[in-house]
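Protein chains get the first letters and strands the later ones, always in sequence-line order, with residue 1 at the start of each. Computation of the quantities below employed the complete heavy-atom set of this structure, encompassing side-chain atoms and omitting hydrogens, waters and symmetry-equivalent molecules.
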Amino acid sequence: MPPQDKLQEMTAGVSQRSEPDRNDDRYNPQRVESKWFERWQNEPNLYAADPSGSEKKKYYVLEMLPYPSGALHMGHVRNYSIGDALARYMWMNGYNVLHPMGWDSFGLPAENAAIQNNTPPRQWTLGNIAKMKAQMNRLGFAYDWSREVTTCMPDYYRWNQWFFLKFYEKGLAYRKNSRVNWCPKCCTVLANEQVVDGRCWRHEDTLVEQRELEQWFLRITKYADELLRDLEKLDGWPEKVRTMQRNWIGRSEGTLVDFKLDYPENSGGFGPAGGTISVFTTRVDTIYGATSIQLAPQHPIVADLAAANPDLRAKVDQLIAEQRKAKEAGDIGEIEKHGVPTNRYAINPFNKEKIPIWVANYILMDYGTGAIMSVPAHDERDYEFAKKYKLEIRLVVLPISNDPEETMTEPVLPFVAHDGMLINSGPYSGLDCAEAIKKMSKFAEENNFGKATVTYRLKDWGISRQRYWGTPIPMLYCEKDGIVPVPEKDLPVILPENVDISHAVGSPLSSLPEFVNATCPNCGGPARRETDTMDTFVDSSWYFYRYTDAHNDHAPFDSKAAQYWFPIDQYIGGVEHAILHLIYSRFWTKFMRDLGLITNDEPVERLFTQGMVIKDGAKMSKSLGNVVSPDEMVARYGADAARLYSLFAAPPDRDLDWQDSGIAGIQRFLGKVYRFVTRNASAASIASVDTLSAASLSPAERQIQRKLHQTIKRVSDDFQGRWHFNTCISAIMELVNALHAYEESTTSQAKSTSSALLAEVQRDLILLLAPFAPYLAHELWEIIGEKGSLLKAPWPKYDPALAKEEELEIPVQVNGRLRGRIVVPADAAESVVLDRALADEKVKSAITGKQIVKRIYVPGKLVNIVVPSGSVK
RNA sequence: GCGAAAGUGGCGGAAUUGGCAGACGCACCAGACUUAGGAUCUGGCGGGUAAAACCGUGGGGGUUCGAGUCCCCCCUUUCGCACCA
């Protein structure tokens, strides 16, 4: 520290309160961090990636972009600390790193804030972005801001509109009147993915209602099969996320079978004349055991029947209410099955049998066809239902077992196994289930009453939102020409400003005549503009492509740039986006590939889902009052300490229990490093590192060198493999502790090799610390007199020869119990080690007078002497 | 109900392949330097004992020379799915 600064700090200390002069080597994070902060601020392109096409190997590391709420929380800090450490590590390993950041800046909170504070959403949002960007910079995150993406800006959302037109062109965007999820708090529609246990994803206390609305949909179901199939390729993704997506897509192979309606005399008819009920089943092999048809209460045929029958209407309404209750109940479990007979019948096309049609509360209209054939003997739900209403239960499959006793005996009902043999099934009796399914599906298809088919749980993505702060959907409604897309050349459809959203009923944009009234590009006549905006998940479905070419104003991005950078090598974010964001992103990628924009099938090579930050056993939240503010942590302990602690306190994939005392410990550690390096800086800077050879070192020095190389290995291995940064950091702490002990024990003699060694160790220590604590690392880099930039300085090399122990301490067990320790050369022969072990006093006394049954030596690990048991006691 | 992950000192966590349980850090205790300590340094720190022995990784069994780690049964927590035909 220059003397002037020293003096300043001394006087400052005295005049304030009690900052004593002999603590002037204390690490002052505020001073050091603000110094580097200033420098970095003056170098806006410090972290800019090399242009795409660079010779260097590329590495694209990405953290999920935040919603600009106005302040970072600890979850962000943790997320970005992981990504930043990785980006810096890859830089130091010579990669061309792309590490961008942006803002998912459309969405409801801006509208609520606008109403509350009387601030326009745009102003509120941009103000928040500025605040959060400053926070990120203060934390020292190395982002390439030249590629910043802000989704609420026209230069971004015009490409949302462009993509929408492409979807429309390809027949993958369509409009339909449908029953939609409506959140009364958001006052807008929710996608299926945004409904959790019958409640709004952002309002856990609010039940979602059903409404009939005209909506725009994107045909994600066209890619259902590929989205499912390609999950197999994503072996860099957590299995948990893949399972969740697999469940969400919900592929199910089965058969559609049409049952003819049986018209009773004088019934007045029901359903379409000559009509049928189509059912979906995965077990067509059990169709001879079908003893009723069960319809969803919302089924059109039920509506028909109920229209003429008020009594039935009331009962069906009751079933609908029960069904809704079950959905809302979430984890409370299944409700009791209820049903109502319609007193109508349908004909089983296989055996021509007449079976009753019921309406049941356990049949869902939005899965399959909303109708099933009920086979009580071979389905648990059907069994329960049939028992309750005394419907016939007919066994048509018998178990086949290796045990002859069991084979062909009557099974316990319901018998749902797939590996049985058919009975009571006409010409199909005697077949096994799998074969029967094939033959029966074929028969149905040949006779025009059914076919093999695949059903998905995944539904098309409803993207219309009746909100203001979003991307306008670029569509027009002309009286003459109907639905007309806005021509590409007219994009973007600009979201108007100065819109009074506080009293809006329905879509706020619909109250703006100057927005609504437009001209039809086809006929030149008057047209009405679409006033709904897009779901904000559209924005985040492709934003990471925009980073590759963020300022392109004639395409969403340049294909070559995307081809260079994609797929994303490492994506890091919360598991809460496992379905919504990550499935939409995969869908968008596949669509862009089919457009010819990109060549990759999947956007993300490796996905990492970090754990939550919790405090006092609960997720941080304002209502619980356990929120830790990053600003406060930075002010008290510094950015390095906050970052380091968020990596140290737990492995990154697990939840992190925040403890203020823990971060204080990290600050102590950083101070220790700082003091060590400042004390030894001058000695280190004069020594030549090249003169160092293991042979010239004293045992104590060799030990330090060994520890250094072991630490380099541990930290490097973790970056390459399992990402347990908590153990990386503890390894660095061990190294520092060892250095400290070494320093204490070293006398002033042999200074020259000592300082040469110190030069090497300090340099490498600083490099090891650089990805985690960039401020301190840069400061120390300067202090030891290094001239070049630390940012991309080469990562230290691990030398196995230098890391190798020369002597080992081997624990000696007798019958698996630790009795002594011996020190042997690392390459000692087994016989030598065993002799030494048997000569150990404690071992001797444990085995005196006993016969040695067995001697075990695990090289380098331990010795175990086995003597007859019992005699040891 | 089904599936997955987890359960280790007072606390966060370590033990990467079946081989010294508790690394590293926090908290705590004692000491040193101090007018002072929320600075720094040294030592201690699972239970138990004077010291040993011994006990100890959710519980119970098993395999093994040896088990936190493998196998079987059970308990608890978290997450995901849940009338999906």
Chemist: Would you measure the distance from the C1' atom in B:rG46 across to the matching atom in B:rU42 and give it in whole Å?
Modeler: 23 Å

Chemist: By side-chain contact (heavy atoms from CB on, under 4.5 Å), which residues pair with A:Val824, not counting sequence neighbours?
Modeler: A:Ile810, A:Ile822, A:Ala828, A:Val833, A:Arg836

Chemist: Could you check A:Tyr367 against A:Ile856 and say which one's nearest nucleotide on RNA chain B is further toward the 5' end?
Modeler: A:Ile856

Chemist: Between A:Asn348 and A:Tyr288, does a side chain to side chain donor-acceptor pair (under 3.5 Å) hold up when you go through it step by step?
Modeler: CA-CA 8 Å; A:Asn348 183 335; A:Tyr288 282 78; over 6 Å; no

Chemist: Report the distance from atom NZ of A:Lys861 to atom C1' of B:rU17, rounded to the nearest whole Å.
Modeler: 8 Å

Chemist: According to a strict under-4.0 Å criterion, is A:Arg722 in side-chain N/O contact with OP1 or OP2 of B:rA15?
Modeler: yes

Chemist: Where the side chain of A:Ile579 is defined as all heavy atoms beyond and including C-beta, which of B:rG13, B:rC81, B:rA85 is the nearest nucleotide?
Modeler: B:rC81

Chemist: Is it true that atom CZ of A:Arg179 has more than 12 heavy atoms of other residues, nucleotides or ligands lying nearer than 6.0 Å?
Modeler: no

Chemist: Given ring-ring contact (aromatic ring centres under 6.0 Å, His included), test A:Phe725 with A:Phe719 step by step and report yes or no.
Modeler: CA-CA 8 Å; A:Phe725 300 124; A:Phe719 269 111; 5.1 Å; yes

Chemist: Contact class for A:Asp382 (heavy atom, under 4.0 Å): base, sugar-phosphate, or nothing?
Modeler: nothing

Chemist: Out of B:rC20, B:rA39, B:rC81, which has the shortest distance to the side chain of A:Arg668?
Modeler: B:rA39

Chemist: Is atom CZ of A:Arg251 surrounded by more than 12 heavy atoms (other residues, nucleotides or ligands) closer than 6.0 Å?
Modeler: yes

Chemist: Provide the distance between the two P atoms, one in B:rG38 and one in B:rA30, to the nearest whole Å.
Modeler: 13 Å

Chemist: Once you round it to whole Å, what is the distance between P of B:rA4 and CG of A:Asp653?
Modeler: 18 Å

Chemist: Taking pairing as Watson-Crick or G-U wobble with both contacts under 3.5 Å, can you name the mate of B:rA30, or confirm there isn't one?
Modeler: B:rU42

Chemist: Give none if B:rA85 has no partner; otherwise give the nucleotide forming a Watson-Crick or G-U wobble pair with it, both distances under 3.5 Å.
Modeler: none

Chemist: Below the 4.0 Å mark, does B:rU64 have OP1 or OP2 next to a side-chain nitrogen or oxygen of A:Asn864?
Modeler: no

Chemist: With ring-ring contact (aromatic ring centres under 6.0 Å, His included) as the criterion, how do A:Phe350 and A:Phe449 come out once you've worked through the C-alpha distance, each side chain's angles and the decisive distance to 0.1 Å?
Modeler: CA-CA 10 Å; A:Phe350 276 86; A:Phe449 62 78; 5.4 Å; yes

Chemist: Using OP1 and OP2 only, check whether a side-chain N or O of A:Asn361 sits under 4.0 Å from B:rC83.
Modeler: no

Chemist: Starting at atom CD of A:Glu743, determine the distance to atom C1' of B:rU40, rounded to an integer number of angstrom.
Modeler: 13 Å

Chemist: Is B:rG13 syn or anti, taking syn as a glycosidic angle within 90° of 0?
Modeler: anti

Chemist: Nearest to the A:Thr727 side chain among B:rA85, B:rC41, B:rA15, which nucleotide is it?
Modeler: B:rA15

Chemist: Regarding A:Gly665, tell me which of base, sugar-phosphate or nothing describes its non-hydrogen contacts under 4.0 Å with the strands shown.
Modeler: sugar-phosphate

Chemist: A:Trp248 CH2 to B:rA82 C1': how many Å, rounded?
Modeler: 13 Å

Chemist: Determine the interatomic distance between C1' on B:rC54 and the same-named atom on B:rC33; round to the nearest Å.
Modeler: 42 Å

Chemist: When you measure from the side chain of A:Val866, which nucleotide among B:rC65, B:rC54, B:rA27 comes out closest?
Modeler: B:rC65

Chemist: Count the heavy atoms of every other residue, nucleotide or ligand shown that sit under 6.0 Å from CD of A:Glu239, and state whether that count exceeds 12.
Modeler: yes

Chemist: Shorter than 3.5 Å, N or O on both sides, protein versus nucleotides 5-12 of chain B: list them out with atom names.
Modeler:
unit_1 : atom_1 : unit_2   : atom_2 : d
B:rC11 : O2'    : A:Gln659 : NE2    : 2.8
B:rG12 : O2'    : A:Ala649 : O      : 2.6

Chemist: Assign A:Glu239 to base, sugar-phosphate, or nothing according to its heavy-atom contacts below 4.0 angstrom with the strands shown.
Modeler: nothing

Chemist: B:rG25 pairs with which nucleotide, Watson-Crick or G-U wobble, both distances below 3.5 Å?
Modeler: B:rC11

Chemist: Less than 6.0 angstrom from the centroid, inside 45 degrees of the normal: does A:Lys337 satisfy that with respect to the ring of A:Phe385?
Modeler: no

Chemist: Closer to the 5' end of RNA chain B via nearest nucleotide, is it A:Lys854 or A:Gly370?
Modeler: A:Lys854

Chemist: Report the distance from atom CD of A:Gln323 to atom P of B:rA85, rounded to the nearest whole Å.
Modeler: 16 Å

Chemist: Check the phosphate of B:rC20 against A:Arg817, side-chain N and O only, distance under 4.0 Å to OP1 or OP2. Yes or no?
Modeler: no

Chemist: Is B:rC70 paired to anything, Watson-Crick or G-U wobble with both distances less than 3.5 Å, and if yes, which nucleotide?
Modeler: B:rG62

Chemist: Expressed as a whole number of Å, how far does the C1' atom of B:rU63 sit from that of B:rG13?
Modeler: 30 Å

Chemist: Does the structure show a Watson-Crick or G-U wobble partner for B:rA50, both distances under 3.5 Å? Name it, or say none.
Modeler: none

Chemist: Only pairs with both distances under 3.5 Å count, Watson-Crick or wobble alike; so what is the partner of B:rG3 in this structure?
Modeler: B:rC79

Chemist: Base, sugar-phosphate alone, or nothing: which one does A:Thr282 contact when heavy atoms must sit under 4.0 Å apart?
Modeler: sugar-phosphate

Chemist: With a 3.5 Å cut-off and just heavy-atom distances, do the side chain of A:Arg855 and the base of B:rC65 make a donor-acceptor pair?
Modeler: no

Chemist: If we take the P atom in both B:rG1 and B:rU49, what is their distance in whole Å?
Modeler: 44 Å

Chemist: What is the distance from CG of A:Asp717 to P of B:rA15, rounded to the nearest Å?
Modeler: 13 Å

Chemist: In whole Å, what is the span from the CG atom of A:Asn815 to the P atom of B:rU64?
Modeler: 15 Å

Chemist: NA contact type, A:Ile865, heavy-atom cut-off 4.0 Å: base, sugar-phosphate, or nothing?
Modeler: nothing

Chemist: So A:Leu818, base contact, sugar-phosphate only, or nothing? Heavy-atom distance under 4.0 Å.
Modeler: nothing

Chemist: Starting at OH of A:Tyr637 and ending at P of B:rG25, how long is that distance when rounded to a whole Å?
Modeler: 17 Å

Chemist: Roughly how far apart, to the nearest Å, are B:rG80 and B:rG19 at atom C1'?
Modeler: 37 Å

Chemist: How far, in whole Å, is B:rC11 from B:rA27 if one measures between their P atoms?
Modeler: 15 Å

Chemist: Heavy atoms, side chains only, cut-off 4.5 Å: are A:Met620 and A:Lys615 in contact?
Modeler: yes

Chemist: Distance between the P atoms of B:rG47 and B:rG10, in whole angstroms?
Modeler: 7 Å

Chemist: Got a donor-acceptor pair under 3.5 Å from the side chain of A:Lys240 to the base of B:rC79?
Modeler: no

Chemist: If B:rA36 has a Watson-Crick or G-U wobble mate with both distances under 3.5 Å, name it; if not, just say none.
Modeler: none

Chemist: Answer whether the closest heavy-atom distance between the side chains of A:Arg78 and A:Tyr645 falls below 4.5 Å.
Modeler: no

Chemist: How long is the gap from CG on A:Leu739 to CG on A:Leu708, to the nearest 0.5 Å?
Modeler: 8.0 Å

